[in-house]
Structures are given as structure tokens and as C-alpha cells.
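The structure appears right after this line, and notes come after that.
Side chains included, hydrogens not; waters and symmetry mates left out as well; all remaining heavy atoms used. A, B, ... follow the sequence lines: proteins, then strands. Residue 1 opens every chain. None of these values were measured; they are calculated from a predicted model.
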Number of protein chains: 2
Amino acid sequence: MDGPPSYETVGRLSRYRRLLTRRVETGSEGVYSHELAAVAGVSAAQVRRDMMAVGANGSPTRGYNVEKLVECLSVELDDPEGSRAALVGVGNLGRAMLSFFQGRRPKLSIVAAFDREPYKVGRVVCGCRCYSMDEMSQVVIDKKITVGIIAVPSSAAQAVASELEDAGVRGILNFAPVALRISPETFSEDIDMTMALERVAYFAGRNS
Amino acid sequence: MDGPPSYETVGRLSRYRRLLTRRVETGSEGVYSHELAAVAGVSAAQVRRDMMAVGANGSPTRGYNVEKLVECLSVELDDPEGSRAALVGVGNLGRAMLSFFQGRRPKLSIVAAFDREPYKVGRVVCGCRCYSMDEMSQVVIDKKITVGIIAVPSSAAQAVASELEDAGVRGILNFAPVALRISPETFSEDIDMTMALERVAYFAGRNS
DNA sequence: TTCACGCTGTGAATTCATACACAGCCTATC
DNA sequence: GATAGGCTGTGTATGAATTCACAGCGTGAA
Ligand SMILES: NC(=O)c1ccc[n+]([C@@H]2O[C@H](COP(=O)([O-])OP(=O)(O)OC[C@H]3O[C@@H](n4cnc5c(N)ncnc54)[C@H](O)[C@@H]3O)[C@@H](O)[C@H]2O)c1
Ligand SMILES: NC(=O)c1ccc[n+]([C@@H]2O[C@H](COP(=O)([O-])OP(=O)(O)OC[C@H]3O[C@@H](n4cnc5c(N)ncnc54)[C@H](O)[C@@H]3O)[C@@H](O)[C@H]2O)c1
């Protein structure tokens with residue numbers, strides 16, 4: 001079970017790091033797989049498997065060293081040069097994203113926003129400048145942007161995805177409820193909030 | 001492979017319905033599994049399996065009747081009396097949710113908002129009244145609310161989840177990046193946007 | 001020094017979702 | 001009426017992710 005961490009593993013690694021970052025502030029030295037498992041909401045065996053995937057090793061008596069582990073996870077997760085993201089669609093959701101991610105993580109930040117509405121272009125939202133769509137390819141190159149976030153209406157999502165790809169972006173986080181047709185070179189992940197809410201309503205009714 | 005639709009299947013059913021709703025407006029009579037599969041971004045076999053799960057059947061020559069199918073999916077997905085949701089945390093993300101879901105679907109709507117900030121209580125945001133946290137148990141009963149949406153900071157998420165459960169909610173959509181400890185009676189789904197963005201950045205770098 | 005405990009690391013088993021592959025069928029066509 | 005084509009419905013296979021289960025080990029106690 002070696003090789004690069006899988007899709008699911010990478011997601012959990014991200015969560016582990018966030019939880020451990022909190023814990024390091026409380027001054028804990030070590031953490032056991034079952035402790036991390038409890039706060040992360042997974043099994044202890046799962047945690048140990050994930051640790052194997054990043055080559056972290058713990059001691060049977062002290063568990064995993066928290067600081068070492070955060071460092072190890074960061075080496076795996078963060079690009080050494082950092083990653084920069086562009087947000088397309090400065091609407092309600094887009095503004096929420098901008099406000100949330102501004103200045104949160106040095107290695108991963110939203111450095112540009114795009115919108116087609118002329119009255120939004122040129123404005124600075126949450127410390128992030130909004131550009132016109134025409135400027136995308138230039139801005140993506142200048143700012144070394146590798147990630148795009150699509151927060152436009154679903155009717156515009158496919159066009160935006162293609163523009164992002166053409167500009168050189170290699171990862172897309174898509175909030176629009178459409179299946180994007182993109183090159184297999186480009187990684188994409190969809191977050192469909194409507195689907196999620198409908199699913200919760202479905203199973204809430206079933207568990208009544 | 002009978003029995004109730006699985007977690008993943010329910011999610012796809014929701015997506016199918018949305019896609020088919022658009023299609024019915026264009027006047028299409030029937031749809032083949034491979035057509036629906038293409039727009040949904042899944043395989044044709046997957047579509048047919050999902051159709052089996054809801055007991056929908058198509059004809060080898062005409063495919064599935066679109067109107068019948070939407071009806072069939074709605075019978076499966078929608079509670080006959082409708083589902084009503086409460087949003088907790090009228091911040092950036094909460095307001096985006098409110099504006100997006102207002103008046104969108106008759107069988108699933110956000111009918112109340114809650115926040116602890118006194119200056120938000122009593123205001124109407126996107127047609128939805130904001131209540132104080134003290135009013136939760138009463139409002140949940142009065143409005144027959146079965147679903148809760150958690151959009152508060154992660155430090156407050158567990159407390160809010162417990163309050164929602166105590167009030168009688170049986171399904172929770174959680175945006176805070178913490179694993180909720182809730183009764184197994186209650187269904188919960190997490191949407192962790194930070195994790196999703198970190199994952200996209202990770203695989204974007206890898207596919208460079 | 002010896003022993004017992006509890007955790008790590010990991011092969012094996014299990015579970016679950018998805019994809020394959022084809023029998024059966026309906027329709028259109030000749 | 002016979003035939004060919006293409007799609008549905010589904011048993012089976014494949015593949016991936018998770019869990020089980022335990023050997024190995026370091027530590028602290030007796
Ligand atoms: N809670 C939510 O907000 C929510 C929930 C579920 C799904 N979504 C999805 O997220 C996406 C965004 O939702 P929202 O609520 O922020 O929408 P919104 O209407 O508030 O914002 C959309 C923004 O995109 C811009 N835009 C439109 N077409 C564009 C184009 N071709 N190029 C560039 N910019 C363009 C608009 O000017 C606007 O600023 C939608 O696809 C929606 O389906 C949102
Ligand atoms: N793009 C985003 O907005 C984004 C991205 C990733 C994660 N999240 C998560 O979503 C959640 C909400 O994010 P946000 O950006 O909307 O935050 P926000 O700070 O804009 O809003 C939080 C709201 O919750 C209210 N609140 C705080 N404590 C409360 C309590 N105990 N009871 C009731 N209300 C309370 C606050 O008054 C505020 O209105 C957070 O957990 C965050 O981690 C958001």
C-alpha cells in the first residue's frame with residue numbers, strides 16, 4: 001500500500017493538520033492514533049494507514065510527535081513555492097470564500113478574483129482585486145496561479161472552466177452543479193451544496 | 001442490489017432530477033441512460049443501476065420517459081409534506097445559502113435563521129427571519145423543521161449541533177470543519193471547503 | 001532483570017461502489 | 001414475417017477503501 005496518497009487520504013491529511021495545529025498550541029507533545037481518530041471522526045487504523053502514506057512514524061509509547069507530524073503533513077500537502085488560487089464569480093458565495101480565505105494560510109491563498117460585471121471589475125473585495133475576464137490569461141501567468149474556483153451560475157460554468165484551463169490552471173474547485181468537460185490533465189472537484197442539502201433532507205426524513 | 005438507495009445513489013438522484021428538469025423544459029420526451037450519463041458525468045451502467053433503485057423503468061427503444069422519471073425521482077427524494085430547514089449562523093456563508101435557496105424549491109426551503117448576535121436577531125435576510133438562539137426549540141416545533149444547517153465558526157459548531165438535536169432536528173448539514181458528536185439517529189453531512197481547496201491545490205501541483 | 005501493557009505498523013479480510021458484459025426485448029425496416 | 005440494431009436490466013467481476021487482527025517493540029513497574 002505504498003505510492004502517492006489517494007484522493008481520500010489527501011482530504012484526511014488536510015483535516016489532520018488543521019486539528020493538530022490547534023493541538024500544538026495547547027502544548028501537547030505526542031498524539032496517539034486513537035486520539036487523532038476521535039477528533040477527526042475516523043478509525044484509529046485509518047489514521048495509522050494515512051500516517052504510513054506520508055512516511056510519518058510514531059513510537060508505541062509516545063504516539064506521534066505533534067510538531068513533527070504537522071511538519072510532515074505540510075511537506076506532503078504544501079507546494080514548496082506555495083499555491084495561488086483565482087476565484088471566478090464574485091457573487092454571494094464568492095465573497096464568502098474571499099473573506100474566509102484571506103490571510104489564512106501562507107502557502108495557499110486567493111490572489112485574484114474575476115467577474116464579468118463591469119461594475120465589479122477594479123474593486124477590491126476582502127483585499128483581493130477583481131479583474132475582468134479578458135485579463136485572466138495574463139493575470140494567471142503573472143501571479144503564477146494554479147488553482148481556479150468556479151462560483152458563477154451553472155450556465156456559465158463550462159465556459160469559465162475552459163477559460164481557466166486555457167489560461168494554464170491545473171486544478172478547479174467547482175461550486176456549480178454541472179459536470180465539467182475538462183482535460184484529464186486538470187484535476188477538478190465539485191462541491192454541490194444543493195445535492196448535499198437534498199441528501200440530508202432525504203435521510204433526515206428516513207431516520208424520523 | 002435492492003433495498004433503499006445508498007448515500008451515493010441519493011446524491012446522484014438529486015443531480016439527475018435537476019438535469020432532467022432542465023431537459024423537460026426543452027420538450028424532450030425520452031432520455032437514454034448514456035445521454036443522462038453524459039450530462040451527469042457518470043457511466044451509463046451507473047445510471048441504469050440508479051434507475052433500478054427507484055423502480056423506474058425505460059423502454060429499450062424510447063429510453064426513459066423524462067416526465068415520468070422526474071415524477072419518480074421526486075416521489076423518492078421529496079417528503080410528501082415537504083422538508084423545512086433552519087440555518088444557524090448568519091455570516092458570509094449563511095447569507096449566501098439564504099439568498100440561494102429562497103423560493104427555489106417548494107418541497108425544501110430554509111424557513112428560519114438563527115444567530116447569537118443581538119443585532120442580527122429580528123432582521124429579515126432574503127425573506128427569512130433571524131431568531132435568537134433561545135427561540136430555537138420553539139421555532140423548530142412551530143415550523144416543523146427537520147433539517148439544520150450549521151454555518152457558525154468551528155468553535156461553536158458542536159454546541160449548535162447539540163442544540164439542534166435537542167430541538168428535534170434529525171438531519172444536519174455542517175460547514176464547520178469539525179467532526180460532530182451526535183446521536184446515530186441523526187444524519188449528518190459535512191462540507192469542508194478548506195479541505196476541498198487544499199486537495200485541489202495538492203493534485204493541481206501533482207498534475208503539473 | 002523480568003514482565004506485562006498498550007501502541008504502532010501492516011498483511012489479510014471485508015465491504016462497498018463502480019464497471020463490464022450480455023441476455024432479452026422492442027421497434028423499425030425490408 | 002423475418003431480421004438486424006440498439007438499449008434496458010442485471011449477474012458478475014473488478015477495484016478501491018476501510019477495517020480487522022496480530023506480531024513486534026519500547027517503556028515503566030515490580
Ligand atoms: N449558497 C449558495 O450560494 C449556493 C448554493 C448551492 C449552489 N451554489 C452555486 O454556486 C454558484 C455561485 O452561487 P452564488 O450564490 O454566489 O451566485 P451569484 O449569482 O450570487 O454570483 C454569481 C457571480 O458570477 C458572476 N458571473 C456570471 N456569469 C459570469 C461569467 N460568464 N463570467 C464571470 N462571472 C460571471 C456574476 O456577475 C455574479 O457576481 C452557482 O453555480 C450556484 O449554483 C451556490
Ligand atoms: N468560504 C467560507 O465562508 C468558508 C470556507 C470554509 C469553511 N467555512 C466554514 O463555515 C462556517 C461559517 O463561515 P462564515 O465565513 O460564514 O463565518 P462568519 O464569521 O462570517 O459567520 C459566522 C456567523 O455565526 C454566528 N455565530 C457565532 N457563534 C455563534 C453561536 N454560538 N451561535 C449562533 N451563531 C453564532 C456569528 O454571529 C456569525 O454571524 C465556519 O465554520 C467556517 O469554518 C466557511
Separation of atom CG in Asn65(B) from atom P in dC7(D), rounded to whole Å:
17 Å

Separation of dA16(D) P from Asp50(A) CG (nearest whole Å):
17 Å

Any donor-acceptor N or O pair under 3.5 Å, side chains Asn92(A), Ser99(B)
yes

Would you mind reading off the distance between His34(B) atom NE2 and dT8(D) atom P, rounded to a whole angstrom?
8 Å

Over how many whole Å does the gap from Met52(B) atom CE to dT12(D) atom P extend?
13 Å

Among the candidates dT18(C), dC7(C), dT8(D), find the nucleotide nearest to the side-chain atoms of Arg12(B).
dT18(C)

Using a distance-only test with no angle check, is there a side-chain donor-acceptor pair under 3.5 angstrom linking Ser74(B) and Arg17(B)?
yes

Consider the side chain of Gln46(A), meaning its heavy atoms from C-beta on, and name the nucleotide among dG11(C), dT18(D), dC7(D) that approaches it most closely.
dT18(D)

Ignoring hydrogens and geometry, is there a side-chain-to-backbone donor-acceptor pair from Asp79(B) to Gly205(A) under 3.5 Å?
no

Nearest whole Å is fine: how far is dT27(C) P from Glu29(B) CD?
15 Å

Heavy-atom nearest nucleotide on DNA chain D taken for Ala45(A) and for Asn57(B); more 5' hit belongs to Asn57(B)

Hey, is the side chain of Ser43(A) poking within less than 4.0 Å of OP1 or OP2 on dT19(D), counting only N and O atoms?
yes

Just compare dA17(D), dC20(C), dT27(D) and give me whichever is closest to any side-chain atom of Thr61(A).
dT27(D)

Does dC26(C) have its OP1 or OP2 closer than 4.0 Å to a side-chain nitrogen or oxygen of Ser59(B)?
no

Just compare dG9(D), dT8(C), dT18(C) and give me whichever is closest to any side-chain atom of Glu8(B).
dT18(C)

Report yes if at least one side-chain N or O of Arg49(B) is closer than 4.0 Å to OP1 or OP2 of dC20(C); otherwise report no.
no

Between dC7(D) (P) and Leu36(B) (CG): distance, integer Å
14 Å

Looking at Arg199(B) and Glu189(A), is there a salt bridge between them, counting it only when a charged N and a carboxylate O are closer than 4.0 Å?
yes

Nearest-angstrom distance from the residue atom CD of Glu35(A) to C1' of dT8(C):
14 Å

Below 3.5 Å, does any donor atom in the side chain of Arg48(A) face an acceptor in the base of dG11(C), or the other way round?
no

Would you mind reading off the distance between Tyr32(B) atom OH and dT27(C) atom P, rounded to a whole angstrom?
11 Å

Can you say whether a donor on the side chain of Arg62(A) sits under 3.5 Å from an acceptor on the base of dG28(D), or the other way round?
no

CD (Glu117(A)) with more than 12 external heavy atoms under 6.0 Å
yes

Tyr64(B) side chain N/O closer than 4.0 Å to the phosphate oxygens (OP1, OP2) of dG9(D)?
yes

